[in-house]
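Data first, discussion second: the structure below is written as structure tokens.
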Amino acid sequence: MKQLDHFLRLFRQESESAGLSRQQFLHFTGRGLAAGALGGLAASCKTGQSSTRNRPTVYTAQDGTRVPSSQWVSPPAKVPDKPGEPIELEAWKAKTERQSETPAPLPDDQRVGYTIVGLGHLSLDELLPAFGESKKSKLVALVSGSPEKMRKVAQQYGVKPENCYSYENFDRLRDNPAVQVVYIVLPNSMHAEYTIRAAQAGKHVLCEKPMANSSQECQAMIDACRRADRKLMIAYRIQYEPNNRMLRQMVREKKYGEVKFIEAVNNQNSANPQHWRHIKALAGGGALPDIGLYCLNTIRFLLGEEPTEVFGYQYSTPGDARFREVEELMSWQMKFPSGIHASCATHYGVHESRRYRVHADRGWMGLDPAFPYEGIRMEVAWAEGKVEHKDQPNLGQKNQFATEMDHFSECVKENKPPFTPGEEGLQDQRIMEAIYQSAREGRPVKLPEVKKRDAFRGPEPKES
Ligand code: NAD
């Protein structure tokens, strides 16, 4: 053993004099010293000489290739056999440093093909660019009511003219095998119709939140996809986002003890009373189904429990044209079977603020902001003796849209149910209907108790 230590020390000195980094040295020693090099060192040890510095040192690589140190730059990358596994590059950062992630995109012919339906803000600002960061999904087609806009977008993203559809000839998607998933990014009232038509055309459906404008519509969407044997996922991006997922793990592991109370807020100021978001028939409601839904859905996701009672309070400023049909404010409470209480509010007429905090008996954990596309930040607090600790763990950012699309693509490729299926959207819709009823009637409204945990979710997504 002593002799081996001595060999290793000598080998390290040799390596350093030959210009090898510590990492390269470890690369060799970690995989067992190459026979030739060790043999040479052993021999020089026996004679009490170190190898000569003038002679080029030759290393024998794993495959037996002999490489003079003058040509030796870095160990060869480990190239996986299967697509989807990352190429392993030479490690160079200390384990104590934050590590990077090497993406492993699938080759084009193995990706799942998408059509985006509706070319508004979310599609143009976020989804189409997100295909550039996705690893398993590709854009192949577009659906829009505006041929001019679609032509421009198709040019920007390399979509063939024959893969551009209107709402009228949407059903012809049936004849396009390149399209496997229809991603619906339309006003809320149109989600049900296009989900059902997509399923009937033989396509899997990724549908934006809120799922629809009523639980009847949600059920019809689920039934249509089931009948056509197609998958249906609701685009709850927060449930795939690393900070929110880590916080959920902390809640479930009782990192700071029992969770007792959660507060959540999602606010933004809107401007245009003509926009579909302010027309009840198109939007279904105001702040609640659009942005308040994030508070509701995320709390359910964190806890895995379903509320058994809700109490809502609704308000709109008299005379404000934006809120003639839909609510400006919804504030609501939710009671969960374990005794946890949540207090939430959502507002369409104040400056943007999107956050939540989970209060447990020995500390709290929260995200502020919690729901934007980027810049989500975690903060946790706990006490130790006289010290109150606050920490801001930084998990970095991932493209949330690429992550959720890739999850759905994986489900399609591996024939698995999605983590956020239609049933998850239906449950949110039922709870929102109870909140509206409570606000209308001015009393708490009870919901049926759901005993199973994570009752409406599919198998957990793969963590990358
Ligand atoms: P938007 O108004 O910017 O885009 C809607 C698109 O639908 C437009 O291209 C519009 O031309 C088209 N459209 C077709 N028929 C229409 C009609 N009758 N009236 C109005 N528009 C019509 O809206 P958006 O912000 O892109 O939202 C689209 C969907 O995505 C909504 O369901 C919304 O809730 C959801 N969304 C989700 C997120 C998220 O983070 N997951 C973010 C924003 C929006």
Side-chain angles (χ1 to χ4, degrees), residues 115-130 142-154 164-170 182-195 197 205-214 217-218 221 233-241 244 266-268 270-298 301 325-326 346 348 352 354 369-376 397-405 407-408 418 420 422 424-425 428-429 432:
T115 184
I116 296 286
V117 187
L119 301 179
H121 281 93
L122 185 65
S123 297
L124 296 196
D125 300 349
E126 305 297 332
L127 302 180
L128 295 173
L142 299 170
V143 180
S144 170
S146 161
E148 209 177 308
K149 179 166 56 170
M150 186 158 51
R151 196 161 40 245
K152 186 104 193 165
V153 174
C164 291
Y165 298 83
S166 66
Y167 298 116
E168 289 71 37
N169 68 16
F170 174 91
V182 172
Y183 190 168
I184 293 162
V185 202
L186 291 166
N188 307 342
S189 63
M190 301 171 77
H191 292 184
E193 178 190 343
Y194 284 88
T195 294
R197 283 169 71 181
V205 179
L206 177 54
C207 178
E208 260 313 324
K209 47 55 58 185
M211 183 171 175
N213 282 1
S214 70
E217 282 183 344
C218 295
M221 293 158 79
M233 170 168 147
I234 310 305
Y236 286 122
R237 61 185 164 82
I238 292 300
Q239 296 201 27
Y240 303 91
E241 192 282 319
N244 283 276
N266 200 359
N267 299 331
Q268 76 188 33
S270 62
N272 176 5
Q274 317 303 329
H275 192 265
W276 65 262
R277 280 185 166 81
H278 294 275
I279 299 165
K280 186 147 192 252
L282 292 174
L288 179 62
D290 190 20
I291 51 175
L293 177 55
Y294 284 87
C295 305
L296 167 56
N297 184 260
T298 306
F301 161 70
E325 296 192 17
V326 300
T346 184
Y348 248 176
E352 179 172 313
R354 312 179 189 281
F371 310 124
Y373 305 146
E374 51 191 31
I376 292 176
Q397 303 292 322
K398 269 183 150 187
N399 186 303
Q400 297 174 36
F401 298 101
T403 307
E404 74 176 7
M405 286 193 286
H407 169 70
F408 195 46
T420 52
E424 174 73 354
D428 275 336
Q429 187 61 40
M432 288 194 291

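As the structure lists them, so they are numbered: ligands from 1, and atoms in each ligand from 1. The first residue in the sequence is number 1, and the count goes up from there.
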(message) Check this for me - ligand 1, V185, N or O atoms closer than 3.5 angstrom, yes or no?
(response) no
(request) Below 4.0 angstrom from a heavy atom of L119, which ligand 1 atoms are there? Numbered from 1 as shown, please. (result) 9 (O)
(request) Check each atom of ligand 1 against the heavy atoms of H191 and keep those under 4.0 Å away; list them by number with element. (result) 32 (O)
(request) Would you confirm whether K149, through its side chain, and L119, through its main-chain N or O, come within 3.5 Å as a donor-acceptor pair? (result) yes
(message) Run the side-chain contact (heavy atoms from CB on, under 4.5 Å) test on R197 and Y167 for me, step by step, so that the C-alpha distance in whole Å, both residues' side-chain angles and the decisive distance to 0.1 Å come before the verdict.
(response) CA-CA 11 Å; R197 283 169 71 181; Y167 298 116; 5.5 Å; no
(request) For the pair Q397 (side chain) and G375 (backbone), establish whether a donor and an acceptor sit closer than 3.5 Å, ignoring hydrogens and angles. (result) yes
(message) Which of the numbered atoms in ligand 1 are under 4.0 angstrom from any heavy atom belonging to P210?
(response) 34 (O)
(message) Students often mix this up, so state it plainly: with edges at 30° and 60°, are the rings of H278 and Y348 parallel, tilted or perpendicular?
(response) tilted
(request) Please write down residue, atom name and distance for the protein heavy atom closest to atom 16 (C) of ligand 1. (result) M190 SD, 3.8 Å
(request) Can you figure out which of M211, R277, H275 has its heavy atom closest to atom 27 (O) of ligand 1? (result) R277
(message) I'd like to know if the side chain of H191 and the backbone of A212 have a donor-acceptor N/O pair within less than 3.5 Å.
(response) no
(request) Please confirm whether the backbone N or O of K280 pairs with a side-chain atom of E325, one donor and one acceptor, at under 3.5 Å? (result) yes
(message) Check this for me, if you would: do E241 and R237 make a salt bridge, where the nitrogen-to-carboxylate-oxygen distance has to be below 4.0 angstrom?
(response) no
(message) For atom 39 (C) of ligand 1, tell me which residue out of W276, Y373, Y294, F371 has the closest non-hydrogen atom.
(response) Y294
(message) Are E126 and N399 packed together at the side-chain level, in the sense that at least one heavy-atom pair is separated by less than 4.5 angstrom?
(response) no
(request) Considering only non-hydrogen protein atoms, determine which one is nearest to atom 32 (O) of ligand 1 and report residue, atom name and distance to 0.1 Å. (result) N188 OD1, 2.8 Å
(message) Heavy atoms only: which of Q274, E208, K209, R237 lies closest to atom 34 (O) of ligand 1?
(response) K209
(request) State whether the side chain of K209 and the backbone N or O of D290 hold a donor-acceptor pair below 3.5 Å, judged by distance alone. (result) yes
(request) Over 60° means perpendicular and under 30° means parallel, so classify the ring planes of F170 and Y194, tilted if in between. (result) perpendicular
(message) Could you identify the single nearest non-hydrogen protein atom to atom 26 (O) of ligand 1 and state the distance to 0.1 Å?
(response) L122 N, 3.0 Å
(message) Given P289, A281, P187, identify the one with the heavy atom nearest to atom 19 (N) of ligand 1.
(response) P187
(request) Would you mind checking which non-hydrogen protein atom is closest to atom 4 (O) of ligand 1, with the distance to 0.1 Å? (result) G120 CA, 3.2 Å
(request) Could you find the nearest protein heavy atom to atom 14 (C) of ligand 1 and give me its residue, atom name and distance? (result) Y167 OH, 3.5 Å
(request) Please lay out, stage by stage, how D125 and Y373 fare under the test side-chain hydrogen bond (donor to acceptor under 3.5 Å, both in side chains). (result) CA-CA 11 Å; D125 300 349; Y373 305 146; over 6 Å; no
(request) Indicate whether atom 37 (C) of ligand 1 is within a distance of less than 4.0 angstrom of some protein heavy atom. (result) yes
(request) For K149, take its heavy atoms, then give the atoms of ligand 1 lying under 4.0 Å from any of them. (result) 9 (O)
(message) Show me which atoms of ligand 1 lie under 4.0 Å from any heavy atom of L186.
(response) 7 (O), 14 (C), 28 (C), 29 (C), 31 (C), 32 (O)
(request) Write out the residue and atom name of the closest protein heavy atom to atom 3 (O) of ligand 1, then the distance separating them to 0.1 Å. (result) H121 N, 2.7 Å
